[in-house]
Amino acid sequence: MSDRVPSAQESIPQTAPRAFWDRHKEEVMAAMFRVLNSGTYILGREVSAFEEEFARELGFTGAVGAANGTDAIVLALRALGVGPGDRVATVSHTAVATVAAIELAGALPVLVDIEPDIYTLDPAALGRTLEAVDGIKAVIAVHLYGHPADVPAIQQAADRFGIPVIEDCSQSHGAELYGRATGGMGEIGTFSFYPTKNLGAFGDGGMVVAKSTACITKLRMLREYGCVRRHVSEIPGMNSRLDELQAAILRLKLSHLREGNRRRAVIAAAYDAGLAGSGLALPARRQGATHVYHQYVIRHPDRDRLQSRLKEEGIGTNVHYPVPVHLQPAYAGRLEIDPAGLGASEAAAREVLSLPMYPEMTDETVARIVDAVRRSV
Ligand SMILES: Cc1ncc(COP(=O)(O)O)c(C=O)c1O
């Protein structure tokens, strides 16, 4: 995708992971060249430097690179001692990866409903689920679309049962709640660097951050066969390493994260202003939250018709996510769910629509989208 202004006839994509490459080719090539010349391709200087810079930039005690965001959750669960037979509460309105990771760790997902307007784990629903279901050993709050879940209230519910909160920050790099970084409020935070994320690699990548240094040491061991010294496994671990090429690219992209998030907020404000009074439900925001707009999600009762009309206008949109996890073929009928049901999750899946959102979008492109959406509602 070029960062030129698309002409009136050109399609506008919903996301544009190539745009950074188009703007920063020389710096990306220099970073890759540095790695290729170094002769170290796994767990070398680039990964250590990126871990340090990521922790410093976002304010974490420490950070441990992983192969992807799904593994980051598996590592977090294993570091907390969650495994076969344990239950883990999370949401159904998320990327299937959050739930898949719980099963990969050998645990049993318990799916809880969301706050209907903000789309993140509902603390009241969590409280009633923790009362009703025995054996829940951890909670995963997902900061969906780049908007912080209400971690303080979730923590309060979890504290009554003495269980830790993990934050899935795959969509919330740089988001904050009451001035605290997402990922730094609970016991452990996990990140994905899938190419379309606010901080995205040119391949797979992930990160785990933790409050305690003991936990960081354990995560470091778990990601490479439980070793401290090479070839000596102290605890059973796995192979989930971030590679040097992705780390070098991510170091460069990290230096653009804040400006990218600021640009996303400007685009979101333009959408807010342009679509006010259009009859669409626009994104709600929690007081005290800094939303980083991984997605700008509108809501419409006839979402599918709106999506196809926008397609005819050359506007790319996406649905995150059309089928809640508890209704997916792989999971339907076999997962435990919130005793009050998952009504808010099911309604969101029917109505949400993600408009184009990436920092390289021009004001003219945003104006063209606003105009097309207003005519299509
Ligand atoms: C909320 C959420 N959790 C987990 C993941 C998994 O990340 P990955 O694709 O890097 O394994 C993603 C990204 O796809 C995500 O959006």
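The basis for the numbers below is simple: all heavy atoms, side chains too, and nothing from hydrogens, waters or symmetry mates. Being a predicted model, the structure only gives us computed values, none of them experimental. Start at 1 and go down the list; that is how both ligands and their atoms are numbered.
In this structure, of Ser192, Gly205, Ala201, the residue bringing a heavy atom nearest to atom 9 (O) of ligand 1 is Ser192.
Checked by atom type and distance alone, the side chain of Asn239 never pairs as donor or acceptor with a backbone atom of Tyr225 at under 3.5 Å. Distance alone, capped at 3.5 Å, is enough to place a donor-acceptor pair between the Glu244 side chain and the Gly44 backbone. Listed for the Arg78 side chain is a donor-acceptor partner under 3.5 Å among the backbone atoms of Pro236.
Counting protein heavy atoms only, atom 4 (C) of ligand 1 is closest to Ser170 OG, 3.4 Å. Among all non-hydrogen protein atoms, the one lying nearest atom 1 (C) of ligand 1 is Asp168 OD2, 3.5 Å.
Counting the atoms of ligand 1 from 1 in the order shown, those under 4.0 Å from a heavy atom of Ala95 are 2 (C), 15 (C), 16 (O). Each of the following atoms of ligand 1 lies closer than 4.0 Å to a heavy atom of Gly69: 6 (C), 7 (O), 8 (P), 10 (O), 11 (O). If you number the atoms of ligand 1 from 1 as listed, the ones under 4.0 Å from a heavy atom of Ala97 come out as 4 (C), 5 (C), 6 (C). Here is the list of ligand 1 atoms found below 4.0 Å of a heavy atom in Gln171: 1 (C), 16 (O). The contact set between ligand 1 and Val142, taken as ligand atoms under 4.0 Å from a residue heavy atom, comprises 1 (C).
Annotation: Leu144 places no N or O atom under 3.5 Å from an N or O atom of ligand 1; distance criterion only. For the pair Lys197 and ligand 1, the shortest N or O to N or O distance falls below 3.5 Å. Where the criterion is an N or O separation shorter than 3.5 Å, residue side chain and backbone included, Tyr194 fails it with respect to ligand 1.
A salt bridge links Arg258 with Glu57; the closest basic N to acidic carboxylate O contact falls under 4.0 Å. Between Glu51 and Arg223, at least one side-chain N (NZ, or NE/NH1/NH2) sits under 4.0 Å from a carboxylate O, which counts as a salt bridge. Looking at Arg229 and Glu234, a side-chain N of the basic residue comes within less than 4.0 Å of a carboxylate O on the acidic one, giving a salt bridge.
Between His147 and Tyr119, the distance separating the two ring centers is not shorter than 6.0 angstrom. Ring centroid separation for the pair Tyr271 and Tyr293 does not come in under the 6.0 Å cut-off.
At a heavy-atom cutoff of 4.0 Å, ligand 1 is contacted by both the backbone and the side chain of Thr70.
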